[in-house]
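All figures in this text were calculated on a predicted structure; none of them were measured in a lab. Per chain, numbering begins at 1; letters A, B, ... match sequence-line order.
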Amino acid sequence: MAQDNVSNNTIATKHRGRRTSFTEDHLKILTDTFNKTPYIGYASRQRLALETNTEEFTIQYCFQNRRTRHGFQKKSEPEEHLESSQNRDHAEEKIQSRNDRQPRIKYTWSQLHTLNKAFIGNNYPGRDSIEKLAKEIGVSESRVKVWFQNHRSSCCIQRKKEANEGLEQRQNQGQDLCDESLEGIEST
DNA sequence: AGACTAACGTAATCATCGG
DNA sequence: CCGATGATTACGTTAGTCT
């Protein structure tokens with residue numbers, strides 16, 4: 001479902017670059033850490049990235065995928081149905097990891113200007129573009145990825161909002177204008 | 001207090017790599 | 001070729017900052 005838009009929209013995903021292949025030692029470090037704490041904060045991600053000679057975002061993918069594949073916190077299952085003692089521990093870890101978030105960036109006007117310009121050109125930048133942008137504005141690639149994620153999302157919400165407002169206006173104005181106003185909604 | 005938005009969560013899926 | 005799993009997405013939530 002989520003992928004419908006994506007496949008229509010982008011070629012960027014066709015160029016995912018090389019996938020990381022962890023050595024046995026690194027895999028052991030990751031597995032041990034995951035078994036102890038499936039939810040880790042920013043500091044731990046950075047430390048693990050250093051230890052395994054990868055990027056902080058790679059560690060994030062690794063833990064995200066493991067949580068999903070180990071059946072952590074399935075939406076369909078209420079928490080009390082999971083193994084209780086383990087689950088309580090993970091809840092604490094989750095809170096702990098939340099308290100250890102990456103510090104929030106305050107983008108400058110010129111950084112935002114650069115990001116917006118790039119976004120207008122391409123909503124789904126590939127690796128090279130992300131790398132270039134990150135260098136240009138002086139933040140990490142993962143922050144650029146997150147900015148694009150959030151920006152796509154907020155643009156989508158904005159469009160829906162505008163479409164709804166247009167609909168309300170039309171309803172207020174009466175039914176006769178039906179055909180013309182439809183075009184207006186689609187162009188915004 | 002509420003709006004805005006960076007950071008982060010899950011679930012679904014794509015794509016690459018090794019057997 | 002196929003299974004395992006790293007990488008990416010949409011969408012929802014949490015929390016910091018500003019007005």
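- Taking the nucleotide of DNA chain C with the nearest heavy atom to each of A:C156 and A:L27, the more 5' of the two is matched to A:L27.
- With the nearest nucleotide of DNA chain B identified for both A:N65 and A:Y42, A:Y42 has the one nearer the 5' end.
- Checked by distance alone, A:R66 brings no side-chain donor or acceptor within 3.5 Å of a matching partner on the base of C:dT5.
- Across all strands shown, A:F57 has no heavy atoms under 4.0 Å from either base or sugar-phosphate atoms.
- Within the 4.0 Å cut-off from OP1 or OP2 of C:dT8, at least one side-chain nitrogen or oxygen of A:Y61 is found.
- Between the P atom of B:dT5 and the CZ atom of A:R143 lies a distance of 17 Å, rounded to the nearest Å.
- Counting distance only, with no hydrogens placed and no angle test, the side-chain atoms of A:R152 and the base atoms of C:dT9 include no donor-acceptor pair under 3.5 Å.
- For A:F148 and B:dT5, the CZ to C1' distance is 16 Å, given to the nearest whole Å.
- Contact annotation for A:T58: backbone-only contact, meaning every heavy-atom pair under 4.0 Å involves sugar-phosphate atoms and none involves a base.
- A sub-4.0 Å separation between OP1 or OP2 of C:dG12 and a side-chain N or O of A:S153 is absent.
- Taking only side-chain nitrogens and oxygens, A:Q102 comes nearer than 4.0 Å to OP1 or OP2 of B:dC8.
- The base of C:dG6 sits with one of its N or O atoms less than 3.5 Å from a complementary donor or acceptor on the side chain of A:R69.
- A donor-acceptor contact shorter than 3.5 Å is absent between the side chain of A:R66 and the backbone of A:F34.
- A close approach under 4.0 Å does not occur between any side-chain nitrogen or oxygen of A:Y107 and OP1 or OP2 of C:dT17.
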- request: Dump the intermediate steps for side chain to side chain donor-acceptor pair (under 3.5 Å) on A:H151 and A:N116, then the final yes or no.
  value: CA-CA 9 Å; A:H151 205 65; A:N116 274 309; 3.2 Å; yes
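- At a cut-off of 3.5 angstrom, counting only N and O atoms as typed in the model, there is a donor on one side and an acceptor on the other between the side-chain of A:R104 and the base of B:dT5.
- Distance CD (A:E56) to P (C:dA7): 13 Å, rounded to an integer number of Å.
- Ranked by how close their nearest DNA chain C nucleotide is to the 5' end, A:R101 and A:Q149 are led by A:Q149.
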message: Go through it in stages, so that I can follow the logic: the residues are A:K145 and A:I130, the test is side chain to side chain contact (heavy atoms under 4.5 Å, CB included), and I'd like the CA-CA distance, side-chain angles, deciding distance and then a yes or no.
response: CA-CA 7 Å; A:K145 279 182 196 172; A:I130 286 176; 3.6 Å; yes
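- Look at CD on A:E141: it is 18 Å from C1' on B:dA6, rounded to the nearest Å.
- Remark: the backbone N or O of A:F57 is not paired with any side-chain donor or acceptor of A:R45 at under 3.5 angstrom.
- Going from atom OG1 of A:T54 over to atom CD1 of A:I59 covers 3.5 Å, rounded to the nearest 0.5 Å.
- Under 4.0 Å is where a charged nitrogen must lie from a carboxylate oxygen, and between A:E24 and A:K28 no such pair does.
- Atoms CZ (A:F63) and P (B:dT10) sit 12 Å apart, rounded to a whole Å.
- Between the CD1 atom of A:I40 and the C1' atom of B:dG9 there is a distance of 14 Å, given to the nearest Å.
- Rounded to an integer number of Å, the gap from A:K145 NZ to C:dA10 P is 14 Å.
- To the nearest angstrom, C1' of B:dA7 lies 15 Å from CH2 of A:W147.
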